[in-house]
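Only one structure is covered here, and it is reproduced in the block below.
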Amino acid sequence: MFTLALTASTPGTGTGMATGSVILVPRAYAFSPFEAKPHSTEILNSPAFSPLKARPANTGFNSYPGHNAQDPNSKTTHSSMVYCNSDSDQNPLFNDWPQLLQISIGSGDLMLGQAIHAFLAKLGYQNDAFRGNNLVNLYGKFNKLGDAQSVFDEMLVRNTITWTTLIKGHLQVNDVESVFRIAREMYWVGEEFNEHTCSVILQACDSLENLVRGEQIHGFVIKRGFDEDVFVGTSLISMYSRCGDLGAAEKVYSNLAYKDVRCLNFMISEYGKAGCGEKAIGVFLHLLGSGLEPNDYTFTNVISACNGDIDVEVLRVLHGMCIKCGCGDEISVGNAIVSVYVKHGMLEEAEKSFCGMGERNLVSWTALLSGYVKNGNGKKALEGFSQILELGVGFDSCCFATLLDGCSECKNLGLGLQIHGFVVKLGYVHDVSVGTALIDLYAKCRKLRSARLVFHSLLDKNIVSFNAILSGYIGADEEDAMALFSQLRLADIKPDSVTFARLLSLSADQACLVKGKCLHAYIIKTGFEANPSVGNAVITMYAKCGSIGDACQLFYSMNYLDSISWNAVISAYALHGQGRKALILFEEMKKEEFVPDEITILSVLQACSYSGLLEEGFCLFNDMESKYGIKPEIEHFACMVDLLGRAGYLSEAMSFINRSPFSGSPLLWRTLVHVCKLHGDLNFGQIASKHLLDLAPEEAGSYILVSNLYAGGGMLNEAARVRTVMNDLKVSKEAGSSWIEIDNKVHQFVASDKDHPESKEIYAKLDLLKSEMKQNMIYNRTPADMSPM
DNA sequence: TTAGGGTTAG
């Protein structure tokens, strides 16, 4: 018995004859198999290049790092060193090369494979499809498609396996077009396609643009009777679900007579990805009923499929089952458990499962941290950042995106900037998910310039990154947002429901009916009107743009209504001062068995307030908790102060504030000052003002409101004093602006603005209007109101 | 005696 070692590159490797128990494959074979020129008689006759005859010296062998020549079982042996039995007088390579090739692929040792290539080249693989196929496979597995192609080209005899293996290599590097090109060539030369070939080609049809090809192959598969094959079936299921046709995938699944565990696991996973948790569990139960044994993939998939609709008890049973089946320690199962508890908002269970994991990786960490972010605890998620750093588990784009989401959640721009620096340093800056998280962070922290820079630096923008920058533009620069929307259409990125909802909200805030209508037309054209969130945003847009008729028409024509639709239309009536109609709709909503939420109640209270429906407002407020199970929040209390105040009950409004749990909040006092100003009541106004300025001394808006209250009551000196205090405290307010849209152009004005080209005419018209109002006794305020702020 | 199907975070 002697030892064979295949080593490739040790410097100083001799090429002399064997003198010991070790064969060294010459360097020339190991590195340049294509240059081995196996047909050259010169090489064939050379002992150095003849493995069958060669017994090269073991010079250099012992110098191989980590190798122990005396101990063939040494665990430190480099994968290039392969030991095998060779009692026969034949060179062991002769029989064992296929296994050695497997070792080469399995251990990632390309040089070992190249050495075998050299050996096979010498034997003349051109006349032996088996040898050539193995080499095509070798190079394909190492993503060396050029070398695989060279072997393929040199082969004189090819078969289905040769072609299939080459196709698989191209599939592995995602070169879909080469897959189809080679498949076409295969067809033209008359090579037979079998189940293996079809399942490989089907994998290349993984996007909508290749669905037609996938369907053609499906037709061919049926014609040849390959549709019974479980591999082909699984590839078809994969192809259809990746192309977004889960119905077709289901059909393939149900037509498949024999399904193995892998196929069932796959279907569970596809149902999970499609959000069909119950169906995924159905397949899982079918798997158990078929007597098949679930494995770690089964549990990872079925647990991940448990979305919010699945009862938590089911989740607990699955969790228990996977432990019982011995799959609980698998890291992917653990990660799925943590993520699914996060999905159900069960953070404590997620933490417990995370802590109970024997082994954790970056995915486990990200799953838990995303749980903190989703549950509004960005601060805790960010604490994980330092832990990940300390543990040295590394980072990836998903982890960075989650951490940045954490920064957005708690508006921690400082740490966000640090992570941005880290992202740049580690080369993740062009990643679209990281970029989108950065845009979101900067947009939320009102750093629009930074958001814009990140957005424009993204190489692959998608609709999510576009929506992120869009939300940054809301309330900032409407023109830019619309220009960006045109760019989006030019770039052929399809808008989604979020895009439309945000653009509509933009038009609504700008009260820009023409733009809103254009958007609505585009929405109808693209079929998004049926989307509930878009439909509801259209209602709100019409209401805010002053067109209550259009808002109602759309509401009554919508096929799908939810509570938000009702809230939108009730709020529309409130906004238009039609309180009675809002109340009628509220009753209708309940009759139709829609459950009112806190927004519904707020909208109805606003409707009562704007229409002076004091009694109705109070009844609803008193019923909130007992009848609707909604605890009144600060906004509801503010609404009640407004309701009482507008109705002239200022004393009651003040005692209402004092009795409320929010008497220390500036919002309620601001509301009271506002209603006092409406009534010109300086008595209560002064008390309310004192509370407001004590509670919010840094808010410029409060000083201006108080100053206007005094000015409105004729106390001009007091009004001026408040302004002086405000200036002394260096509290400044951004100039307010108003705008009007004429002939598709928005004209914007700030106080004392003289920039408009028709400024003179505009002021002249204003003066005329003021004097007319005076004459008609409509305008009965003091001159202070006329002076710009 | 070579070639085919899957898992987790966003």
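By convention in this document, chain letters (A, B, ...) are assigned in the order of the sequence lines, proteins followed by strands, and residues within each chain are numbered from 1.
Atoms CG (A:Leu202) and C1' (B:dA3) sit 15 Å apart, rounded to a whole Å. Remark: P of B:dA3 and CE of A:Met155 are 13 Å apart, rounded to the nearest angstrom. The distance from atom CZ of A:Phe226 to atom P of B:dG4 is 16 Å, rounded to the nearest whole Å. Computed from coordinates, the A:Asp229 CG to B:dG4 P distance equals 13 Å when rounded to whole Å. Look at CZ on A:Phe284: it is 18 Å from P on B:dT7, rounded to the nearest Å. Between A:Leu264 atom CG and B:dG5 atom P there is a gap of 17 Å when expressed in whole angstrom units. Taking atom CG on A:Leu403 and atom C1' on B:dA9, their separation rounds to 11 Å, with Å as the unit. The separation between A:Arg224 atom CZ and B:dG4 atom P is 20 Å, rounded to whole Å.
Among the heavy atoms of the strands, none lies under 4.0 Å from A:Asp128. Within 4.0 Å (heavy atoms only), A:Val232 reaches at least one base atom of the nucleic acid. Counting non-hydrogen atoms under 4.0 angstrom, A:Cys198 reaches nothing in the nucleic acid. The residue A:Phe266 sits close only to the backbone: its heavy atoms come under 4.0 Å of sugar-phosphate atoms, none of a base. Within the 4.0 angstrom heavy-atom criterion, no nucleotide atom of any strand lies near A:Thr197. At the heavy-atom level, A:Val230 lies under 4.0 Å from base atoms of the strands shown.
Non-hydrogen atoms lying under 4.0 Å from DNA chain B are contributed by A:Ile161, A:Thr164, A:Thr165, all within residues 157-167 of chain A. Within residues 329-364 of chain A, the residues that have a heavy atom under 4.0 Å from DNA chain B are, in order of number, A:Ser332, A:Asn335, A:Ser339, A:Val363. Shown for residues 369-384 of chain A: residues whose heavy atoms fall under 4.0 angstrom of DNA chain B, namely A:Ser370, A:Lys374.
In this structure A:Val314 satisfies the side chain to side chain contact (heavy atoms under 4.5 Å, CB included) test together with A:Ile281, A:Ile310, A:Asp311, A:Leu318, sequence neighbours excluded. Checked against side chain to side chain contact (heavy atoms under 4.5 Å, CB included), A:Gln99 has the following partners two or more places apart in sequence or in another chain: A:Asp96. Considering only residues two or more places apart in sequence or on other chains, A:Asn255 meets the side chain to side chain contact (heavy atoms under 4.5 Å, CB included) condition with none of them. For A:Glu348, there are no side chain to side chain contact (heavy atoms under 4.5 Å, CB included) partners, not counting sequence neighbours.
If you check B:dA9, B:dT7, B:dG5 against the side chain of A:Asp260, the one that comes closest is B:dG5. For A:Phe130, the listed nucleotide lying nearest its side chain is B:dT1; candidates were B:dT1, B:dG4, B:dG10. The side chain of A:Ser397 has B:dG10 as its nearest neighbour among B:dG10, B:dT7, B:dA3. In this structure, the nucleotide among B:dT8, B:dG4, B:dT2 sitting nearest to the side chain of A:Ser199 is B:dG4.
For residues 322-331 of chain A, there are no side chain to side chain donor-acceptor pair (under 3.5 Å) pairs, not counting sequence neighbours. Residue pairs satisfying the ring-ring contact (aromatic ring centres under 6.0 Å, His included) criterion with at least one member in residues 331-383 of chain A, sequence neighbours excluded, are listed as follows: A:His319-A:Tyr341, A:Phe354-A:Trp365. The list of side chain to side chain donor-acceptor pair (under 3.5 Å) pairs with a residue in residues 378-391 of chain A, not counting sequence neighbours, reads A:Glu351-A:Lys380.
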Enumerate donor-acceptor pairs with a distance under 3.5 Å from any side-chain N or O in residues 435-443 of chain A to protein atoms, sequence neighbours excluded.
residue, atom, partner, partner atom, Å
A:Thr436, OG1, A:Val432, O, 2.6
A:Asp440, OD2, A:Lys444, NZ, 3.1
A:Tyr442, OH, A:His420, ND1, 2.7

Donor-acceptor pairs under 3.5 angstrom involving side-chain atoms of residues 286-293 of chain A: please list them, not counting sequence neighbours.
residue, atom, partner, partner atom, Å
A:Ser290, OG, A:His286, O, 2.6

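Checked by atom type, the side-chain pair A:Thr197/A:Thr164 shows a donor-acceptor distance below 3.5 Å. Using modelled atom types and a 3.5 Å distance limit, the side chains of A:Asn301 and A:Ser304 yield no donor-acceptor pair. In the model, A:Glu191 has no side-chain atom that pairs as donor or acceptor with a side-chain atom of A:Asn159 under 3.5 Å.
Across A:Gly378 and A:Glu409, no two heavy atoms sit closer than the pair N-OE1, 2.7 Å.
Contact between the side-chain N/O atoms of A:Lys168 and the OP1/OP2 oxygens of B:dG5 is found at a separation under 4.0 Å. The phosphate of B:dG4 has neither OP1 nor OP2 within less than 4.0 Å of any side-chain N or O from A:Gln203. Neither OP1 nor OP2 of B:dT7 sits under 4.0 Å from any side-chain N or O of A:Asn301.
Atom CG in A:Asn375 sits 5.0 Å away from atom CG in A:Leu347 (nearest 0.5 Å).
The base of B:dG4 does not come close enough to the side chain of A:Asn194 for any donor and acceptor atom to sit less than 3.5 Å apart. Contact annotation: side chain of A:Thr234 to base of B:dG4, donor-acceptor pair absent below 3.5 Å. The base of B:dG10 is not paired with the side chain of A:Asp405 by any donor and acceptor separated by under 3.5 Å. With hydrogens and angles ignored, a donor-acceptor pair closer than 3.5 Å exists between the side chain of A:Ser433 and the base of B:dG10.
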